[in-house]
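All remarks here apply to the structure that follows.
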Amino acid sequence: MKMAPVEQLFTLFNETALVLQEELSCTYLEALAETGENLFNGSVLQNEVSEITVKRLEKQYKEINLDNFTKEEIRKAYQLVILKGMKENVQPNHQMTPDSVGMLISYLVDKFMKQPSFRLLDPAIGTGNLLTTVLNQLQKNVQSIGIDIDDLLIKLAYINANLQEHPIELFNQDSLEPLFIDPVDAVIADLPVGFYPNDIRASDYQLKADKGHSYAHHLFIEQSVRHTKHGGYLFFIIPNGLFESDQAQQLREFFKEEIIIQGVLQLPISMFNNKNAAKSILVLQKKGEGIVAPKQALLVNLPNLSNAVEMDNILKKVEKWFQDNKR
């Protein structure tokens with residue numbers, strides 16, 4: 001019985017990563033990055049690997065021709081092996097954005113971004129899954145930039161981009177440090193939620209806490225707005241309690257000065273382990289000359305995303321909102 005394309009790729013990634021994990025005495029995710037680079041380059045790049053293993057790996061790589069797979073098949077297979085690696089090494093801050101949410105962000109970016117080419121930033125790129133999901137859905141010329149502080153995640157994002165042939169400009173740094181990038185037209189981010197430990201750095205931000213640590217997700221919003229052109233859009237995955245925290249008042253004032261809320265789409269509670277972990281998609285627009293707020297923000301409570309009939313009804317309402325607001 002012939003394997004499906006995603007299964008074929010998953011098997012190759014997994015089997016070769018396990019071999020390299022043993023040979024290099026490294027973690028599964030590190031081995032996955034190594035095997036991804038080998039596959040992209042068409043040869044075994046690790047000098048420490050024995051000759052027998054090199055021959056075995058080369059034989060496996062030759063059995064797969066990436067040109068026979070779509071970008072989405074490559075992304076999905078790569079995402080599955082990363083998820084496997086993350087389960088083995090519990091990394092609480094390295095949660096991947098679910099595909100269904102990535103597809104929703106893609107849909108919204110496509111609806112709001114009318115221009116045929118634009119610059120897109122993900123300041124919390126992680127393994128690159130959300131950004132490449134969006135790039136795979138857009139029939140536009142997108143110049144993209146990704147930033148992450150984690151060395152391993154940025155390496156996995158680099159391999160991900162190469163395998164899917166996306167020319168993403170990557171920076172391995174703390175996104176809340178100064179960014180040396182030109183302003184972008186749009187930002188997407190699954191915001192890292194929690195406290196930011198660097199109080200000295202946080203003091204440069206309007207959204208810094210009056211005392212104690214500042215919220216990293218607040219600072220990420222401010223940093224993203226700073227690097228977005230006037231009239232540009234920002235698409236964030238946020239905790240539902242964003243405007244209910246002890247630092248929410250500063251956030252409201254910042255929003256009033258700098259941005260227009262275009263929409264809030266609350267994700268179904270059933271997607272999350274508990275109600276407190278629930279999230280929404282927040283769509284913002286940076287204020288600027290001639291930028292007019294919508295008559296009414298797009299406010300949606302999303303049904304279970306697997307319920308096709310209810311989702312279809314919701315999407316019709318969203319389409320009507322775009323028509324009414326002359327998008």
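Because the structure is a prediction, the values reported are computed rather than measured.
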May I ask you to decide whether Arg201 forms a salt bridge with Glu177, counting only side-chain N to carboxylate O separations under 4.0 Å?
yes
*Flag the pair Glu258 / Glu222 as yes when at least one side-chain heavy-atom distance between them is below 4.5 Å, and no otherwise.*
no
Notebook entry, point to check: Is any NZ, NE, NH1 or NH2 atom of the basic residue among Lys279 and Asp190 found under 4.0 Å from an Asp or Glu carboxylate oxygen of the other?
Noted result: yes
Review point. Within a strict 4.5 Å, meaning less than it, do heavy atoms of the Ile125 and Leu170 side chains meet?
Key: yes
Hydrophobic cluster membership, with links at side-chain heavy-atom distances under 4.5 Å among I/L/V/M/F/W/Y: are Phe254 and Leu282 in one? yes
Interatomic distance, CD1@Ile168 vs OG@Ser144, rounded to 0.5 Å, equals 4.5 Å
Kindly say whether the aromatic ring centers of Tyr215 and Phe195 come within a distance under 6.0 Å.
yes
Separation between CG (Asn68) and CD (Glu73), nearest 0.5 Å, reads 10.0 Å
When every non-hydrogen atom of His218 is compared with those of Ala248, the smallest separation belongs to CE1-N, 4.5 Å
| message | Tell me if the centroids of the rings in Phe255 and Phe243 come within less than 6.0 Å of each other. | response | yes
### Message
Strictly below 4.0 Å, N to O, side chains only: are Lys155 and Glu30 in salt-bridge contact?
### Response
no
Report yes if some heavy atom in the side chain of Lys287 is under 4.5 Å from a heavy atom in the side chain of Ile260; otherwise report no.
yes
The reported gap from OG1 in Thr132 to CG in Leu135 (rounded to nearest 0.5 angstrom) is 7.0 Å
Tyr28 and Asn14 have their tightest heavy-atom pair at OH-OD1, 2.7 Å
Nearest heavy-atom approach of Ala124 to Phe220 is CB-CE2, 4.0 Å
Below 6.0 angstrom between ring centroids: does that apply to Phe112 and Phe322?
yes
In short, Glu23 meets Val49 closest at the heavy-atom pair OE1-CA, 3.6 Å
salt_bridge(Asp204, Arg226) N-O dist < 4.0 Å:
no
### Task
Compare all side-chain heavy atoms of Leu138 with those of Phe118 and state whether any distance is below 4.5 angstrom.
yes
Leu24 and Gln46 have their tightest heavy-atom pair at CD1-CG, 4.0 Å
Could you walk me through whether Val134 and Met103 pass the side chain to side chain contact (heavy atoms under 4.5 Å, CB included) check?
-> CA-CA 7 Å; Val134 171; Met103 293 297 178; over 6 Å; no
message = Do Thr133 and Asn129 make a side-chain contact, defined as non-hydrogen atoms from C-beta onward lying under 4.5 Å apart?
response = yes
- request: Would you check, one step at a time, whether the test side chain to side chain contact (heavy atoms under 4.5 Å, CB included) holds for Leu267 with Ser280?
  value: CA-CA 5 Å; Leu267 296 167; Ser280 297; 5.6 Å; no
Glu15/Arg56 salt bridge by N-O under 4.0 Å criterion:
no
Beyond-backbone contact of Val109 with Phe235, side-chain heavy atoms, under 4.5 angstrom:
yes
Next item on the list: With the side chain counted from C-beta on, respond yes when Arg252 and Lys256 share a heavy-atom pair under 4.5 Å apart, and no when they do not.
Entry: no
- Query: Salt bridge between Asp110 and Lys140, side-chain N to carboxylate O under 4.0 Å?
  - Reply: yes
Please indicate whether Glu63 has more than 12 foreign heavy atoms, meaning atoms of other residues, nucleotides or ligands, lying under 6.0 Å from its CD. yes
In short, Phe69 meets Pro5 closest at the heavy-atom pair CE2-O, 3.5 Å
* Trace of the side chain to side chain contact (heavy atoms under 4.5 Å, CB included) decision for Leu66 with Ile74 -> CA-CA 8 Å; Leu66 288 176; Ile74 295 167; 4.2 Å; yes
| Any side-chain donor paired with an acceptor under 3.5 Å for Tyr61 and Asn41? | no
**Request:** Please determine if Asp312 and Lys316 form a salt bridge, counting it only when a charged side-chain N lies under 4.0 Å from a carboxylate O.
**Result:** yes
Modelled atom types, side-chain donor and acceptor of Gln206 and Glu257, under 3.5 Å:
yes
Quiz item: Is it the case that Asn160 and His166 place a side-chain donor and acceptor less than 3.5 Å from each other?
Solution: no
State, without any angle test, whether Gln223 and Tyr205 hold a side-chain donor-acceptor pair at a distance under 3.5 Å.
yes
| request: Using the side chain to side chain donor-acceptor pair (under 3.5 Å) rule, take Tyr196 and Asp174 through it: C-alpha gap first, then chi angles, then the decisive distance, then the call. | output: CA-CA 11 Å; Tyr196 182 56; Asp174 177 352; 2.5 Å; yes
Q: May I ask you to check whether Asp148 and Gln173 show a side-chain donor-acceptor distance below 3.5 Å?
A: no
Interatomic distance, CG@Leu298 vs CG@Leu108, rounded to 0.5 Å, equals 7.5 Å
Spell out, as yes or no, whether a donor-acceptor pair under 3.5 Å connects the side chain of Glu37 to the backbone of Ile159. no
**Request:** Examine the side chains of Tyr233 and Asp185 and answer whether a donor and an acceptor come within less than 3.5 Å of each other.
**Result:** no
Any side-chain donor near an acceptor of the partner, Glu310 and Asn304, under 3.5 Å
no
Hydrophobic clusters here meaning ILVMFWY residues chained together by side-chain heavy-atom distances under 4.5 Å, can you tell me if Leu234 and Ile237 are in one? no
Do you see a donor-acceptor pair shorter than 3.5 Å between the side chains of Gln262 and Asn325? no
(request) Evaluate the side-chain proximity of Gln285 to Ile259: yes if any heavy-atom separation is below 4.5 Å, no if none is. (result) no
With Gln266 as partner, the option from Asn240, Ile281, Leu302 fulfilling side-chain contact (heavy atoms from CB on, under 4.5 Å) is Asn240
Here the gap from Leu284 atom CG to Thr228 atom OG1, rounded to the nearest 0.5 Å, amounts to 9.5 Å
Separation between CG (Leu39) and CD (Glu34), nearest 0.5 Å, reads 13.0 Å
